[in-house]
2 protein chains.
Amino acid sequence: MPSTYVPGRSAEEVARVYGINPEAIIKLGSNENALGPSPKAIEAIKKHIQDISIYPSPGYTDLKDAIAGYIGAAAEHIVVGNGSDDLLNTLLRYIIERNDEAIITIPTYSYYETIVEAARGKCVFVNRTPSFSIDVEQIVAAITKKTKLIFVCSPNNPTGNSIDRETLEHLLQSTNALVVLDEAYVEFASESLVEFTNHFDNLLVSRTFSKAFGLAGLRLGYAVLNEDLARSYNRLMLAFSVNQLAVNAGIAVLSDLSFLHETVAMVEQGRTYLREHLPLKTYPTDANFIFADVAPHTSYEVAEYLVRQGIIIRNCETFRGCSHSHVRITVGKPWQNAKLLEVLDTFVRTER
Amino acid sequence: MPSTYVPGRSAEEVARVYGINPEAIIKLGSNENALGPSPKAIEAIKKHIQDISIYPSPGYTDLKDAIAGYIGAAAEHIVVGNGSDDLLNTLLRYIIERNDEAIITIPTYSYYETIVEAARGKCVFVNRTPSFSIDVEQIVAAITKKTKLIFVCSPNNPTGNSIDRETLEHLLQSTNALVVLDEAYVEFASESLVEFTNHFDNLLVSRTFSKAFGLAGLRLGYAVLNEDLARSYNRLMLAFSVNQLAVNAGIAVLSDLSFLHETVAMVEQGRTYLREHLPLKTYPTDANFIFADVAPHTSYEVAEYLVRQGIIIRNCETFRGCSHSHVRITVGKPWQNAKLLEVLDTFVRTER
């Protein structure tokens, strides 16, 4: 039985446990889009709502074509899933045999561990450097004959930093294992490295509609990978794993990127503002969240103080490789960021 | 690599291939609800549409409570998935080790074979009787030490008949393997046998919102099973496998069953009418479809003739255990059924 993934707290749960009006809760714990969903998605769902009684069209070709246009890859290299979690989970069943190894660079998104274990593989953990960079030499030293996968999240959840071109190239040249580059947050960074899939067959880049497009609740992820592996995935995936409204919404949000640009502008401003004003040690970030060290306080203490004031942030102690003083804070709307600072300032003044 | 599941043809594909206006196509090939989705689902989706930017609440407790009320089981015995295909696919990874066996009573829903093979298990096929009943003695004779699962679909897809209480009881008493009773179509039958889960720990009953509630495109399935297995499934499932709109829609359609009753009444009338008038050999059915033998014609020939007239039915030759003259026809709205009869009558008159 694999280790259980611990998701961020929901507003519903917090409202129930702490007796807070759910409407008043500021949710900065799950890296959702503070602007909500793209209006294009709402429009598309309403337009196609009668189609929910019909099974999705097998193959998802229109959706793949739209994604291909957006990222500049060929549709044959694109696969889709019920969120990128589902996509990777499905693919790992094909790639990993019992006791095969997957290298996971920590701290990072905890789901990789869960899905490797679900595939009965073995996780090999390699620490990032003290500044949370990828250490290719350490990864290469950990590669064995059983290594089938290497996970790199960029921008990395929860630390916010990205892998650079040279490091990725070096890593891809150093191994035959499949490198999974998880670019869930890449729309908030200066560049995507998806073009590397043109040159390296051992690279899979996974992406999502959950973050910059604000569709976390709809469940839609995709990946770019070599054509052989894409064909295998397409045979292995559930025929109807992506729901029809996610298909309609996904196509619609890619047809007009103005909401994406608005979101990215808000996040860029918000993270600069928060890094300037947060009374905490923070790290550079290319994502829609900020990683911080709250020592000498504990992450539990700070997260608990905030949640009692109706603000949910992520206590990172369940992330392997994080300390008991690491937290992750989603960039919110300006008023939410201001409220967060106000409450944190009070905490710092009264607790220190 | 498992065998590929072949779904029914989509209106989109048929429109493209045959140059037919998609609006004019009558889709009787995938057992969807001819009345479309429940209006309660539409209403709930519109009401909660802003929530699509938020991850679903972990645990899906409100949805499970609603299902528990609907089927009269305890919520702790209920699990949910991204369609019942996903649910069974996930559970099989836990139950089946390489070379474990699953008994499949054929002809039946082809997905069981796909998911057993995906779990690296071995399918053992047991034929139904000439009238397509379950033959418990044949099943018992096929059980070995490696048998972990026995699949029974009731009402059976594609044959339409149900297992009776005594046969199910006999089967459950004859084995320690987990019996999967797939009741995807049970709302169209006279009774569900879900109450047997109270007495037999080796029974799992799977159900869906895709058929009688008209939510095939949203992807929502559930199962009733023993509490230990439910707990294991809940640890193994993806935290966010069911999308938020499916949650909202699922809860809404269970709060008012009038659409369900309307659907069932339409199906009951339609299947009686079709069985009386179809110029084919048909079989008794408890589902929203009719199984027919078109010999001396082939199923390909008949399906192809109909599709050129814009009517999609299911050619069953891809179902293991079916002949080349078996077809499956979804019960449509009265005007769709009448149109089907008209076209089939012409076929019979001109081809015989």
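To find a chain, count down the sequence lines: A is the first, B the second, and so on, and within it residues start at 1.
Proximity to chain A (any heavy atom under 4.5 Å) is shown, for B/Ala34, by neither the backbone nor the side chain. Both the backbone and the side chain of B/Ser53 come within contact range of chain A, with heavy atoms under 4.5 Å apart. Residue B/Phe213: no heavy atom, backbone or side chain, is found under 4.5 Å from chain A. Of the two parts of B/Thr90, neither the backbone nor the side chain holds a non-hydrogen atom closer than 4.5 Å to a non-hydrogen atom of chain A. B/Glu12 touches chain A through its side chain: at least one heavy atom from C-beta onward sits under 4.5 Å away, while N, CA, C and O do not.
A/Glu13 meets the side chain to side chain donor-acceptor pair (under 3.5 Å) test with A/Arg9; sequence neighbours excluded.
Closest non-hydrogen pair, A/Ser206 versus A/Leu88, comes out as OG-CD1, 4.3 Å.
Of residues 58-66 of chain B, those residues with a non-hydrogen atom less than 4.5 Å from any non-hydrogen atom of chain A are, in numerical order, B/Pro58, B/Asp62.
Ring centroids of B/Phe209 and B/Tyr222 are separated by less than 6.0 Å, placing the two rings close together.
Listed by first then second residue, pairs satisfying ring-ring contact (aromatic ring centres under 6.0 Å, His included) with a partner in residues 32-56 of chain A read A/Tyr55-A/Phe240, not counting sequence neighbours. Sorted by first and then second residue, the side chain to side chain donor-acceptor pair (under 3.5 Å) pairs involving residues 256-265 of chain B (not counting sequence neighbours) are B/Asn33-B/Thr263, B/Asp256-B/Ser258.
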Given B/Asp182 and B/Tyr112, is the side chain to side chain donor-acceptor pair (under 3.5 Å) satisfied, shown in steps? CA-CA 10 Å; B/Asp182 181 351; B/Tyr112 309 139; 2.6 Å; yes
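Ionic pairing of A/Arg231 and A/Glu227 is present here: one or more N-O contacts between side-chain nitrogen and carboxylate oxygen are shorter than 4.0 angstrom.
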